[in-house]
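Worksheet for the structure shown next.
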Amino acid sequence: MTGFPVAEDDLRALTPRDAARYLRTRGWVEGERVRYSMRWRLRLGDREHTVLLPAMTALTDYPNRMADLLQDLAQVEGRTVVSVHADMVLTEVDTQEIRTRPNTPSGTIPLLEGAAAVTRVKDLLLSAATAEVLDEPRLVLPRNKPRRAKEFLNQALLGTTKPGSYIFSVQIPVEAHPGSPSNTVVPRRTATAELPFGRRVSQRLYEAVHAARKAAMLSTESGDLAVFAEQARLGVSADLCESLAGLAGDAGNGFAITFGWSPRWSVPHTYTQPRADFSAELLPSLSGAAEMLRSDDPTPESYPQALILGPSLSLARVGTDGGHILVAAGPGTNEELRGRQIRVRLTGEQYDQAAHAHAQHHDLIFQGTVVRQGRMYEMAHPTRFVVSST
């Protein structure tokens with residue numbers, strides 16, 4: 001066993017039951033007995049794959065047989081042996097491995113780039129959790145995320161890195177089915193509503209990531225970014241595209257995401273691609289899609305009783321009944337709007353007062369509901385308007 005990435009003791013501790021549960025949840029079908037092993041089959045497209053699972057731990061060459069099984073599964077799934085083994089023993093979590101490709105030695109990443117990547121991983125999970133809570137297509141997710149989505153982030157775990165360029169490992173806990181023994185595999189027919197929230201987020205992320213990759217490939221060939229909006233029903237949003245594009249880091253060398261599933265819960269038989277690879281050529285489409293989706297978003301987002309403080313940038317009178325003013329939201333503004341440009345509609349009297357303050361270079365204070373639609377932020381009817389004396 002010299003040189004094999006999984007220690008011999010760990011191979012010996014891996015039971016046939018754990019391995020069988022892993023195979024069953026990934027669509028493998030148990031077949032006939034072959035001496036001291038069981039043959040398992042999996043059909044992917046026009047090709048049938050087979051592996052042998054040792055039936056007894058008492059076999060003298062049991063670790064070698066388990067090593068062969070792990071090696072075969074890694075080849076079929078396009079993953080590492082270490083990742084396959086981890087999914088067999090980590091039965092209470094779904095795992096996602098994000099392989100980045102920085103221009104540094106294997107297993108390292110620049111500190112600032114690594115910190116930014118962790119933020120993008122967090123944003124990626126949050127976008128999937130938010131999409132699952134809302135359960136409706138959204139081109140742009142709300143800035144104020146649902147409470148359940150934010151609570152989910154406190155449950156997700158960042159695991160140890162794996163051999164490779166630089167791999168972030170995320171673990172999503174998926175509790176056992178109520179009333180089921182710990183070694184029970186929940187059947188595929190289980191309704192989505194009955195799945196634990198963590199598993200539902202993992203499945204939403206799987207579908208959204210693969211849909212975004214498909215859209216990126218199509219738009220790269222055609223130049224048409226509209227294909228991303230067509231995938232909104234699968235969880236594709238501006239937020240998701242921004243998070244994916246950000247995973248490429250400063251190097252822009254592309255990245256890959258590999259999905260692993262807890263054997264406690266079966267996955268849909270259509271989940272036949274555990275790995276989604278985003279080459280460097282797809283990155284411009286992801287970035288462009290994020291910008292396009294934000295500009296095309298038809299869903300207004302509101303910020304009730306927002307406080308806006310800052311200088312005026314421009315004014316425009318509309319007829320004799322007032323006009324609007326563009327304000328640069330500075331310090332003192334609500335945090336989620338700070339740094340934005342807010343257009344404020346004013347009555348005739350308010351407009352005259354704002355025009356005088358603009359000429360004197362005074363800051364303005366507005367309070368009211370700000371509505372965001374696409375790239376525009378607007379306060380239509382301020383409930384408070386004060387010219388700052390400083």
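On a predicted model such as this, the values are computed, not experimentally measured, just so you know.
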Checklist entry - Does some side-chain heavy atom of P268 sit less than 4.5 Å from a side-chain heavy atom of Q203? => result yes
Next on the checklist: Could you measure the distance from the CZ atom of R79 to the OG1 atom of T95? Nearest 0.5 Å is fine.
Outcome noted: 6.0 Å
Item to check | Flag, side chain of Y166 to backbone of T104, donor-acceptor distance under 3.5 Å | outcome: no
Checklist entry - Hey, any chance L125 and L234 share a hydrophobic cluster, counting ILVMFWY side chains that come within less than 4.5 Å of each other, even indirectly? => result no
Checklist entry - Just wondering, more than 12 heavy atoms not from R33 lying within 6.0 Å of its CZ? => result yes
Checklist entry - Rounded to the nearest 0.5 Å, how far apart are CZ of R120 and OG1 of T100? => result 14.0 Å
Item to check | L70 vs M88 side-chain heavy atoms within contact, under 4.5 Å | outcome: yes
Item to check | L52 side chain reached by L69 side chain, heavy atoms, under 4.5 Å | outcome: no
Checklist entry - Between Q350 (side chain) and T347 (backbone), is there a donor-acceptor pair under 3.5 Å? => result yes
Item to check | NZ/K214: more than 12 non-hydrogen atoms of other groups inside 6.0 Å | outcome: no
Next on the checklist: For the backbone of V140 and the side chain of S237, can you confirm whether one donor and one acceptor N or O come within less than 3.5 Å of each other?
Outcome noted: no
Next on the checklist: Would D9 and R12 count as a salt bridge (Lys or Arg N to Asp or Glu O under 4.0 Å) here? Give the steps.
Outcome noted: CA-CA 5 Å; D9 287 345; R12 194 176 295 279; 5.3 Å; no
Item to check | M56 side chain reached by Y36 side chain, heavy atoms, under 4.5 Å | outcome: yes
Checklist entry - R199 side chain to D94 main-chain N or O, any donor-acceptor pair under 3.5 Å? => result no
Next on the checklist: Counting only heavy atoms from other residues, nucleotides and ligands, does the tally under 6.0 Å from CD of E349 exceed 12?
Outcome noted: no
Item to check | Test of ring centre spacing under 6.0 Å for W261 and Y22 | outcome: no
Next on the checklist: Can you confirm whether more than 12 heavy atoms, excluding those of R275, are under 6.0 Å from its CZ atom?
Outcome noted: yes
Item to check | Exam field: side chain T369 to backbone Y303, donor-acceptor pair closer than 3.5 Å | outcome: no
Checklist entry - Which residues pass the side chain to side chain donor-acceptor pair (under 3.5 Å) test with R39, sequence neighbours left out? => result E32
Checklist entry - Counting only heavy atoms not in R338, do more than 12 fall under 6.0 Å of its CZ? => result yes
Item to check | Main-chain N/O of P284 paired to S287 side chain as donor or acceptor, under 3.5 Å | outcome: no
Item to check | Neighbour count >12 (heavy atoms, 6.0 Å) for atom CE, M38 | outcome: yes
Checklist entry - In Å and rounded to the nearest 0.5 Å, what is the CG to CG distance from N334 to L337? => result 5.5 Å
Checklist entry - Is any side-chain heavy atom of F197 closer than 4.5 Å to a side-chain heavy atom of E132? => result yes
Next on the checklist: Given 3.5 Å as the limit, does a donor-acceptor pair link the side chain of D224 with the main chain of A226, or not?
Outcome noted: yes
Item to check | Connected via hydrophobic side-chain network under 4.5 Å: L157 and L124 | outcome: no
Checklist entry - For the side chain of R41 and the backbone of T50, is there at least one donor-acceptor N/O pair under 3.5 Å apart? => result no
Next on the checklist: Surrounding CD of Q75 (heavy atoms of other residues, nucleotides or ligands, distance under 6.0 Å), is the total greater than 12?
Outcome noted: no
Checklist entry - Does P146 reach the side chain of T130, with side-chain heavy atoms less than 4.5 Å apart? => result yes
Checklist entry - When hydrophobic residues are tied together by side-chain contacts of less than 4.5 Å, even through go-betweens, does L134 share a cluster with Y206? => result no
Checklist entry - With distance as the sole criterion, is a donor-acceptor pair present between the side chains of T220 and S285 under 3.5 Å? => result yes
Next on the checklist: With a 4.5 Å cut-off on side-chain heavy-atom distances among I, L, V, M, F, W and Y, is there a chain of contacts connecting I325 to V386?
Outcome noted: no
Item to check | Derivation and outcome, side chain to side chain contact (heavy atoms under 4.5 Å, CB included), residues S202 and Q96 | outcome: CA-CA 8 Å; S202 293; Q96 290 91 42; 3.5 Å; yes
Next on the checklist: Using side chain to side chain contact (heavy atoms under 4.5 Å, CB included), reason through V76 and D72 one step at a time and then give a plain yes or no.
Outcome noted: CA-CA 6 Å; V76 172; D72 290 343; 5.6 Å; no
Checklist outcome for this item: Hits for side chain to side chain donor-acceptor pair (under 3.5 Å) against E113, two or more places apart or cross-chain, chain-then-number order -> none
Item to check | Q367 side chain near Q305 side chain, heavy-atom distance below 4.5 Å | outcome: yes
Item to check | Residues clustering with L313 (ILVMFWY side chains joined when closer than 4.5 Å, directly or via others) | outcome: L326
Next on the checklist: How long is the straight-line distance from CG of D61 back to CE of M66, given to the nearest 0.5 Å?
Outcome noted: 11.5 Å
Checklist entry - Are the side chain of D239 and the backbone N or O of L141 linked by a donor-acceptor pair below 3.5 Å? => result yes
Next on the checklist: Is there a side-chain contact between L315 and Y351 in this structure, where contact means two heavy atoms from C-beta onward sitting under 4.5 Å apart?
Outcome noted: yes
Checklist entry - H210 side chain to Q273 main-chain N or O, any donor-acceptor pair under 3.5 Å? => result yes
Checklist entry - Which is it for F259 and L205 under the side chain to side chain contact (heavy atoms under 4.5 Å, CB included) test, yes or no, and what are the steps along the way? => result CA-CA 9 Å; F259 293 84; L205 184 61; 4.0 Å; yes
